[in-house]
Amino acid sequence: MSLIEPRTLKGFRDFLPAKMVQREKLMETAKRVYRRYGFLPIDTPALEYLEILTGKGSEETDRQMYHFVDAGGRAVGMRFDLTVPLARFAAQHINELGTPFKRYHIAPVWRGENPQDGRFREFVQCDFDTIGTTGVVSDIETALVIHELLLEIGIDQFRIRINNRQILSGLLESLDLKDKSTSVLRALDKLDKVGPEGVGKELAQAGISSEQSDKIFQFAGVQGTHDEVLSKLSSMLRSSELASQGIERLSIVAGALRAAGVPASRFEIDVSIARGLDYYTGIIFETTLLELPRIGSVCSGGRYDNLAGLFTKQQLPGIGASLGLDRLLAALEKLDRFQESPRAADVFIPLFDPDRMNDYFALAALVRSVGISAEVYPEPKKLGQQLKYADQRGFLVALIAGARELDQGLVQIKDLRTQTATEVAWKNNSEGFLAALASILGLQNMLSQSN
RNA sequence: GAGGUAGUAGCUCAGUUGGUUAGAGCGUCGGAUUGUGGCUCCGAAGGUCGGGGGUUCGAGCCCCCUCUAUCUCCCCA
């Protein structure tokens, strides 16, 4: 009979332990930072009624959504992001939750687009959002979380680019281009990718007059310190109430970030970023790695004051951002920031004498009882081969005991890094044995802490 | 979805103008007189040359299709 070729779907991937350990580490970092700011975890189904998911992001997102009719005849879709499910979740449960409600959600999402470097059809997002407040405090907090998150992951060469949709809307209003907003924003968004000429061409194609185009470039070309940018924008868009509000809010955010100790170089007011998702209404964020700008934004989001309005008459404004775990990981890999291969456990116990298996399990249980990880080798191979395995997998210590040692209640603690071994009694001396082991592992403090 | 580039062992690659049984390094597994690893030496396994079709006496090499990766458009984490 012919074999089935083992393979995975385009844009979908397997993860081997070395990579999965990195992913888990990243997720743990995200959780830790989110919880530090008072966000709590939730989860929602991968599958939703199609009507819940469609028409919320943009036409493009609808096109990229995986959807099908289930066995019960229901039109269902796989979630495209975690924000739209949150909107449904909030509309459904907000009476039990109360506001403001802060949650984080780390889970896979699916997009049927063409895979590229750092872009997959299945990938994990680490979202955090605040529902139920329009206060500028949550705008500021969102920026602070993004900043702290990246630092804690171990990245310092990054920049958070900030804009406000109200400013863009104000600009478009003042230029009488409201009906062409999508194409204008889309063109503007590509500024640092295709340059001014490219954007100019695209604007011309969209039927934008050269006077309007000039004003757009004048607007996008504003540079300087945060305060300079804001005051220039403010004089340019004085006539627009909407834009002025947006500028005022950005100025509060910028001041707060400085006060919180965020270096000015880490964030930038960039009026060219627009973001494709239609639901954003206020501040928007995009985070790029300075060493690898081409991979795109690794953490972005913004304020969406009307999202839950599609599901409830209650006013449920929100703001949040999402760390693209898989994209960030692809970037870290590209930058060669992967740490050494992971160690399964600290302590290795060779199956030296198969007749003494029970002793090895007793030893392993003793070691694990104080939180030190231990692995018993599953096959009675020659000791040299077992140690070779231990060496290759990076174990720190081996506990070697044959009949000779076991008969005397002893075990050899061998430091695999220095190749030095000491014999210690372990039967009726678990404290002394564990202390010796901990000291070799360099964990003296850990034992006293756990006791 | 459209276009450009690529696809040879687990990994990185070699493979002459199409010409017999497709190679190397690393990795994996085994061994070097039966209780102690990282070095060395020896050996083995592992490839329908991404898949399918075609041209030819003969295809890893040429042509078409397809799949996958990567890039651009598009969009985004």
Side-chain angles (χ1 to χ4, degrees), chain A residues 2-3 5-13 16 18 26 30 57-65 80-83 106-127 146 182-183 185-187 189-190 193-194 198 202 273-278 285-289 294-301 320-331 334 341 348 350-353 356 377 379-406 412-421:
Chain A
S2 68
L3 294 171
E5 190 194 346
R7 56 192 186 141
T8 47
L9 244 24
K10 176 180 184 159
F12 289 74
R13 301 163 302 154
L16 273 53
L26 229 50
S58 66
E59 281 176 39
E60 187 63 24
T61 63
D62 289 356
R63 222 174 308 140
Q64 293 180 358
M65 194 164 336
F80 175 94
D81 66 10
L82 300 176
T83 306
I106 299 177
V109 302
W110 297 271
R111 295 182 190 180
E113 67 167 340
N114 239 357
Q116 267 178 48
D117 192 18
R119 312 168 60 153
F120 312 98
R121 290 187 166 179
E122 177 180 58
F123 60 95
V124 166
Q125 292 195 315
C126 308
D127 273 41
I146 295 174
T182 308
S183 41
L185 294 184
R186 205 170 273 170
D189 202 38
K190 289 184 217 160
K193 214 172 176 185
V194 300
E202 199 162 325
I273 68 163
R275 318 231 8 94
L277 267 29
D278 292 342
F285 304 99
E286 214 161 85
T287 311
T288 44
L289 302 178
R294 295 194 59 196
I295 205 157
S297 173
V298 295
C299 187
S300 29
S322 177
L323 175 75
L325 180 118
D326 287 293
R327 175 173 290 183
L328 181 62
L329 222 45
K334 221 160 199 183
S341 52
F348 179 72
L351 189 60
F352 193 170
D353 182 346
R356 300 305 193 104
Y377 197 75
E379 286 184 58
K381 286 193 188 172
K382 281 165 56 175
L383 187 57
Q385 284 176 36
Q386 297 193 45
L387 287 174
K388 188 176 176 191
Y389 165 88
D391 181 52
Q392 287 170 336
R393 302 298 165 106
F395 286 90
L396 300 174
V397 160
L399 297 180
I400 301 173
R404 203 163 68 206
E405 290 86 353
L406 290 171
Q412 186 187 112
I413 304 179
K414 178 161 188 171
D415 188 328
L416 292 169
R417 295 159 298 184
T418 60
Q419 292 201 59
T420 53

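The figures that follow rest on heavy atoms only: side chains count, while hydrogens, waters and symmetry mates do not. Per chain, numbering begins at 1; letters A, B, ... match sequence-line order.
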Handout entry: Test log, rule side-chain contact (heavy atoms from CB on, under 4.5 Å), inputs A/Arg13 and A/Thr8
Key = CA-CA 6 Å; A/Arg13 301 163 302 154; A/Thr8 47; 6.0 Å; no
Practice task
Remember a base hit wins even if backbone is also touched, and classify A/Cys126 as base, sugar-phosphate or nothing at under 4.0 Å, heavy atoms.
Solution key: nothing
Practice task
Tell me the partner of B/G7, counting only Watson-Crick (N1-N3 plus N6-O4 or O6-N4) or G-U wobble (N1-O2 and O6-N3) with both under 3.5 Å; none if nothing fits.
Solution key: B/C67
Exercise for the section: For B/G47 versus B/C42, give the span between their C1' atoms, rounded off to a whole number of Å. Expected result: 24 Å
Handout entry: Rounded interatomic separation in angstrom, taking CZ from A/Phe120 and C1' from B/A69
Key = 11 Å
Problem - Length of the CG-P vector between A/Asp415 and B/U36, whole Å - result: 19 Å
Practice task
Record whether the side chain of A/Lys382 comes under 3.5 Å of the base of B/U34 through a donor-acceptor pair of N or O atoms.
Solution key: no
Handout entry: Interatomic distance where CD belongs to A/Gln116 and C1' belongs to B/U68 [whole Å]
Key = 15 Å
Problem - Closest listed nucleotide, where the reference is the side chain of A/Arg327 and the choices are B/U70, B/A2, B/C76 - result: B/C76
Fill in the blank from the handout: Scanning all shown strands, the Watson-Crick or wobble mate of B/U55 with both distances under 3.5 Å is none
Exercise for the section: Kindly indicate whether the side chain of A/Leu82, heavy atoms from C-beta on, has any atom under 4.5 Å from the side chain of A/Val109. Expected result: yes
Exercise for the section: Measure the distance from CG on A/Leu383 to P on B/G37 and round it to the nearest whole Å. Expected result: 8 Å
Practice task
With the side chain of A/Gln392 defined as its heavy atoms from C-beta on, choose the nearest nucleotide among B/U28, B/C74, B/G37.
Solution key: B/U28
Handout entry: Distance between C1' atoms of B/G15 and B/C57 (Å, rounded)
Key = 23 Å
Handout entry: B/C26 to B/U34 separation - P atoms, rounded to the nearest Å
Key = 27 Å
Problem - A/Leu9 side chain reached by A/Glu122 side chain, heavy atoms, under 4.5 Å - result: no
Practice task
Could you check A/Ile400 against A/Ile295 and say which one's nearest nucleotide on RNA chain B is further toward the 5' end?
Solution key: A/Ile400
Please list, pair by pair, any protein nitrogen or oxygen found under 3.5 Å from a nitrogen or oxygen in nucleotides 43-51 of chain B.
none

Completion exercise
In whole angstroms, the gap separating P of B/U68 from CZ of A/Arg119 amounts to 17 Å
Completion exercise
Between CD of A/Gln419 and P of B/C39 the distance, given in whole Å, is 12 Å
Completion exercise
As its Watson-Crick or G-U partner within any shown strand, both distances under 3.5 Å, B/U21 has none
Handout entry: Inter-nucleotide C1' distance (B/G50, B/A44), Å rounded
Key = 27 Å
Handout entry: Rounded P spacing from B/U55 to B/C63 in Å
Key = 15 Å
Handout entry: Nearest heavy atoms of A/Ile106 and A/Ala30, plus distance in Å
Key = CD1-CB, 4.2 Å
Exercise for the section: Would you indicate which nucleotide in B/C71, B/A2, B/G35 comes nearest to any side-chain atom of A/Asn114? Expected result: B/A2
Practice task
Using the P atom as the reference point in each nucleotide, state the distance between B/A9 and B/C49 in Å, no decimals.
Solution key: 10 Å
Fill in the blank from the handout: Side-chain contact check for A/Lys10: nearest option of B/C74, B/G35, B/U68 is B/U68
Practice task
Give A/Tyr389 one of three labels, base, sugar-phosphate or nothing, depending on what nucleic acid heavy atoms sit under 4.0 Å from its own.
Solution key: nothing
Practice task
Among A/Leu399, A/Thr420, A/Ile400, find the one that has a side-chain contact (heavy atoms from CB on, under 4.5 Å) with A/Ile413.
Solution key: A/Leu399
Practice task
Compare all side-chain heavy atoms of A/Arg119 with those of A/Asn114 and state whether any distance is below 4.5 angstrom.
Solution key: no
Exercise for the section: Under 4.0 Å between any heavy atoms, over every strand shown, what does A/Glu405 touch: base, sugar-phosphate, or nothing? Just pick one. Expected result: base
Practice task
Determine the Euclidean distance between corresponding P atoms of B/C29 and B/U21; express it in Å to zero decimal places.
Solution key: 33 Å
Exercise for the section: May I ask you to check if A/Arg393 and A/Phe348 form a cation-pi contact, with NZ or CZ under 6.0 angstrom from the six-membered ring centre and within 45° of the axis? Expected result: no
Fill in the blank from the handout: Comparing A/Leu9 with A/Leu416, nearest RNA chain B nucleotide closer to 5' gives the residue A/Leu416
Exercise for the section: Return the value, rounded to whole Å, for the distance between atom CG of A/Asp117 and atom P of B/U68. Expected result: 18 Å
Exercise for the section: Could you check if a side-chain atom of A/Phe352 sits within less than 4.5 angstrom of a side-chain atom of A/Tyr377, using non-hydrogen atoms only? Expected result: no
Practice task
Write down the distance separating the C1' atoms in B/U12 and B/G7, rounded off to the nearest Å.
Solution key: 14 Å
Exercise for the section: Kindly indicate, with the supporting measurements, whether the criterion side-chain contact (heavy atoms from CB on, under 4.5 Å) is fulfilled by A/Gln64 and A/Phe80. Expected result: CA-CA 8 Å; A/Gln64 293 180 358; A/Phe80 175 94; 3.7 Å; yes
Practice task
Just call it for A/Gly11: base, sugar-phosphate, or nothing, with non-hydrogen atoms closer than 4.0 Å on any strand.
Solution key: sugar-phosphate
Exercise for the section: Scan every strand shown for a Watson-Crick or G-U wobble partner of B/A45, both distances under 3.5 Å, and answer none if you come up empty. Expected result: none
Exercise for the section: Return the value, rounded to whole Å, for the distance between atom CD of A/Gln385 and atom P of B/U34. Expected result: 13 Å
Exercise for the section: Consider the side chain of A/Gln412, meaning its heavy atoms from C-beta on, and name the nucleotide among B/A69, B/G30, B/G35 that approaches it most closely. Expected result: B/G35
Problem - Who pairs with B/G60 - Watson-Crick or G-U, where each distance is under 3.5 Å - result: none
Completion exercise
Between the CG atom in A/Leu325 and the SG atom in A/Cys299, the distance rounded to the nearest 0.5 Å is 11.0 Å
Problem - Watson-Crick or G-U counterpart of B/A2, or none if no pair lies under 3.5 Å - result: B/U72
